[in-house]
Amino acid sequence: MSSDNFTAVTELVLAGLGIRKDFELILFFIILLSYIVTLISNLSIIIIPLFDASLHTPMYFFLYNLAVLDICYSSSIVPKMLTDLISQKKVISFYGCILQIHFFHFLGSSEVVLFAVMSYDRYVAIAHPLRYTTIMNYNVCFGLTLVSWAIGFFVALTHTIMTARLSYCGPNLVEHFFCDVKPMLILACTDVTLNSKTLSRVTGTLASSTLSLTILSYLCISKYLIKIKTAQGRKRALSTCSGHFIVVTLMYGTAIFTYIRPSTKDSLDEDRAAAIMFTIITPALNPIIYTLRNKDMKKALKKFFQKI
């Protein structure tokens with residue numbers, strides 16, 4: 001078809017979670033509670049180190065960035081989702097949809113790269129404890145974090161431009177509770193082969209490369225764990241890594257499950273379930289996992305509340 005025959009879509013309708021109307025209000029309060037937990041717990045990771053000099057370490061610098069990413073990541077999806085749960089019309093403008101795609105992939109991709117950086121940080125902390133602060137100085141930490149944000153931005157920019165350049169002539173129903181690349185490709189009136197391949201290859205390369213670096217860091221860590229003779233020392237080293245490993249497993253598992261597979265009607269239904277994990281549950285769990293398993297953070301929290 002020629003582009004002259006297309007009627008440009010200016011407004012899109014979000015299908016939502018595909019649940020019964022009488023459950024939507026219950027789900028609204030559950031998601032609202034999760035979002036409040038996400039904001040409070042991540043803000044605590046941002047604020048508390050400002051009042052405790054003992055937390056001015058590379059690990060908490062990366063946790064600070066992770067908390068910022070989680071707040072922004074969740075906020076790019078959840079507020080609109082909450083509005084839609086109590087609205088009759090679940091609509092979003094075309095440009096609003098493209099903007100949501102960009103921030104979703106920008107923040108999500110940055111977080112994936114940051115996880116690889118954090119695993120390297122844990123390796124240095126365990127393998128070279130005496131030189132840890134020298135190796136992971138401020139310039140190194142800032143540079144690694146900047147690279148994480150930059151990679152995420154350019155990965156998202158690729159998907160955003162390629163999705164925005166497609167022609168959409170109807171229907172305008174997005175089979176998801178937010179705008180993402182895969183459900184948008186189904187609505188396009190033009191050939192999306194290049195877009196599908198780019199999504200799969202770019203996301204696949206990003207996920208596999210960062211996962212490989214994370215696994216490599218943990219293999220190196222395990223080599224040094226064997227050398228630790230005392231059970232207490234081994235337990236302490238493991239405690240610094242276990243929280244990160246849990247979070248990484250949740251994030252990579254859902255990302256690979258969602259974006260490596262081809263788009264079908266059934267796969268989009270499964271994607272909605274997976275998306276709940278990394279947009280609602282994971283951002284709320286991240287700070288809880290890190291803080292509850294961290295003695296330094298628990299001490300800082302206690303001191304902070306005593307001051308208040």
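In what follows, every heavy atom counts, from backbone to side chain, and hydrogens, waters and symmetry copies are set aside.
Formation of a donor-acceptor pair under 3.5 Å by the Ser209 side chain with backbone atoms of Leu206 is found in this model. Judged purely by atom type and a 3.5 angstrom limit, Thr145 uses its side chain to pair as donor or acceptor with the backbone of Cys141. Not a single donor-acceptor pair under 3.5 Å links the side chain of Ser74 to the backbone N or O of Asp70. Formation of a donor-acceptor pair under 3.5 Å by the Ser119 side chain with backbone atoms of Ala116 is found in this model. The backbone N or O of Phe177 lies less than 3.5 Å from no partner atom in the side chain of Asp84, so there is not a single donor-acceptor pair. For Ser208 (side chain) and Thr205 (main-chain N/O), a donor-acceptor pair under 3.5 Å exists by modelled atom type. Distance alone, capped at 3.5 Å, is enough to place a donor-acceptor pair between the His56 side chain and the Pro49 backbone.
Connection of Leu114 to Tyr218 is established within a shared hydrophobic cluster, with ILVMFWY side chains joined at heavy-atom distances below 4.5 Å, either directly or through further cluster members. Neither Val13 nor Leu99 shares a network with the other; the hydrophobic side chains, linked directly or stepwise wherever heavy atoms of I, L, V, M, F, W or Y lie under 4.5 Å apart, form separate groups for each. One hydrophobic cluster holds both Tyr95 and Val181 under the rule that ILVMFWY side chains link at heavy-atom gaps under 4.5 Å. By the criterion of side-chain heavy atoms lying less than 4.5 angstrom apart, applied directly or through intervening Ile, Leu, Val, Met, Phe, Trp or Tyr residues, Ile215 is grouped together with Val117 in one hydrophobic cluster. Both Leu63 and Leu43 sit in one connected hydrophobic cluster of ILVMFWY residues. Membership requires side-chain heavy atoms under 4.5 Å apart, directly or through other members.
Atoms CG and CD1, from Leu82 and Ile77 in turn, are 11.5 Å apart once rounded to the nearest 0.5 Å. Rounding to the nearest 0.5 angstrom, the gap separating the CD1 atom in Ile101 from the CE atom in Met184 is 5.0 Å. To the nearest 0.5 Å, the span separating CG on Leu12 from CD1 on Ile92 amounts to 7.5 Å. To the nearest 0.5 angstrom, Phe153 atom CZ is 12.5 Å from Leu146 atom CG. Going from atom OG1 of Thr198 over to atom CE of Met162 covers 3.5 Å, rounded to the nearest 0.5 Å. Between the CE atom in Met59 and the CZ atom in Arg122 there is a gap of 5.0 Å [rounded to 0.5 Å].
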### Query
Do Thr160 and Phe103 pass the side chain to side chain contact (heavy atoms under 4.5 Å, CB included) test, and can you show the C-alpha distance, the side-chain angles, and the key distance before you say yes or no?
CA-CA 9 Å; Thr160 305; Phe103 279 102; over 6 Å; no

### Leu166/Leu185 under side chain to side chain contact (heavy atoms under 4.5 Å, CB included): CA gap, chis, key distance, verdict
CA-CA 8 Å; Leu166 292 172; Leu185 296 185; 3.6 Å; yes

### Criterion side chain to side chain contact (heavy atoms under 4.5 Å, CB included) on Phe28 and Leu32, from CA distance to verdict
CA-CA 6 Å; Phe28 171 84; Leu32 178 62; 4.1 Å; yes

### Message
Run Phe115 and Leu211 through side chain to side chain contact (heavy atoms under 4.5 Å, CB included) and show every step you take.
### Response
CA-CA 9 Å; Phe115 282 142; Leu211 181 59; over 6 Å; no

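Other residues, nucleotides and ligands contribute more than 12 heavy atoms inside 6.0 Å of the CZ atom of Phe94. The neighbour count for Tyr132 OH, taken as heavy atoms of other residues, nucleotides or ligands under 6.0 Å away, is above 12.
With sequence neighbours left out, Val147 forms a side-chain contact (heavy atoms from CB on, under 4.5 Å) with Ile151. Glu11 is linked by a salt bridge (charged side-chain N to carboxylate O under 4.0 Å, His left out) to nothing, counting only residues two or more places apart in sequence or in another chain. The side-chain contact (heavy atoms from CB on, under 4.5 Å) check on Leu39 picks up Tyr35, Ile71, Ser75, with sequence neighbours excluded.
Of all the heavy atoms in Pro283 and Pro287, the pair that sits closest is O-CD, 3.2 Å. Minimum heavy-atom separation, Val112 to Thr210: CG1-OG1, 3.1 Å. Between Ala156 and His102, the closest heavy-atom pair is CB-O, 3.4 Å. Val174 approaches Phe178 most closely through the heavy-atom pair CG1-O, 4.0 Å. Val155 and Ser109 make their closest contact through CG1-OG, 3.6 Å (heavy atoms, listed as atom of the first residue, atom of the second, distance). Ser110 and Leu69 make their closest contact through CB-CD2, 3.9 Å (heavy atoms, listed as atom of the first residue, atom of the second, distance).
Ring planes of Phe104 and Tyr73: parallel class, angle under 30° (limits at 30 and 60°). Ring planes of Phe142 and Tyr138: parallel class, angle under 30° (limits at 30 and 60°).
Under the 4.5 Å side-chain criterion, counting only non-hydrogen atoms from C-beta, Leu33 is not in contact with Phe29. Using a 4.5 Å heavy-atom cutoff, the side chains of His128 and Thr134 are not in contact. In this structure, the side chains of Ile288 and Val37 come closer than 4.5 Å at one or more pairs of heavy atoms. A heavy-atom distance below 4.5 Å is not found between the side chains of Thr133 and Thr57. No side-chain heavy atom of Leu216 sits less than 4.5 Å from a side-chain heavy atom of Tyr120. The shortest side-chain heavy-atom distance between His176 and Leu14 does not fall under the 4.5 Å cut-off. For the pair Glu24 and Ile86, the minimum side-chain heavy-atom distance is 4.5 Å or more. You'll find the side chain of Thr163 reaches within 4.5 Å of the side chain of Tyr168, heavy atoms only.
Under 3.5 Å, the side chains of Asp180 and His105 contain a donor-acceptor pair of N or O atoms.
For the side-chain contact (heavy atoms from CB on, under 4.5 Å) test with Ile31, the passing option among Ile36, Ile280, Ile276, Thr279 is Ile280; the others fail.
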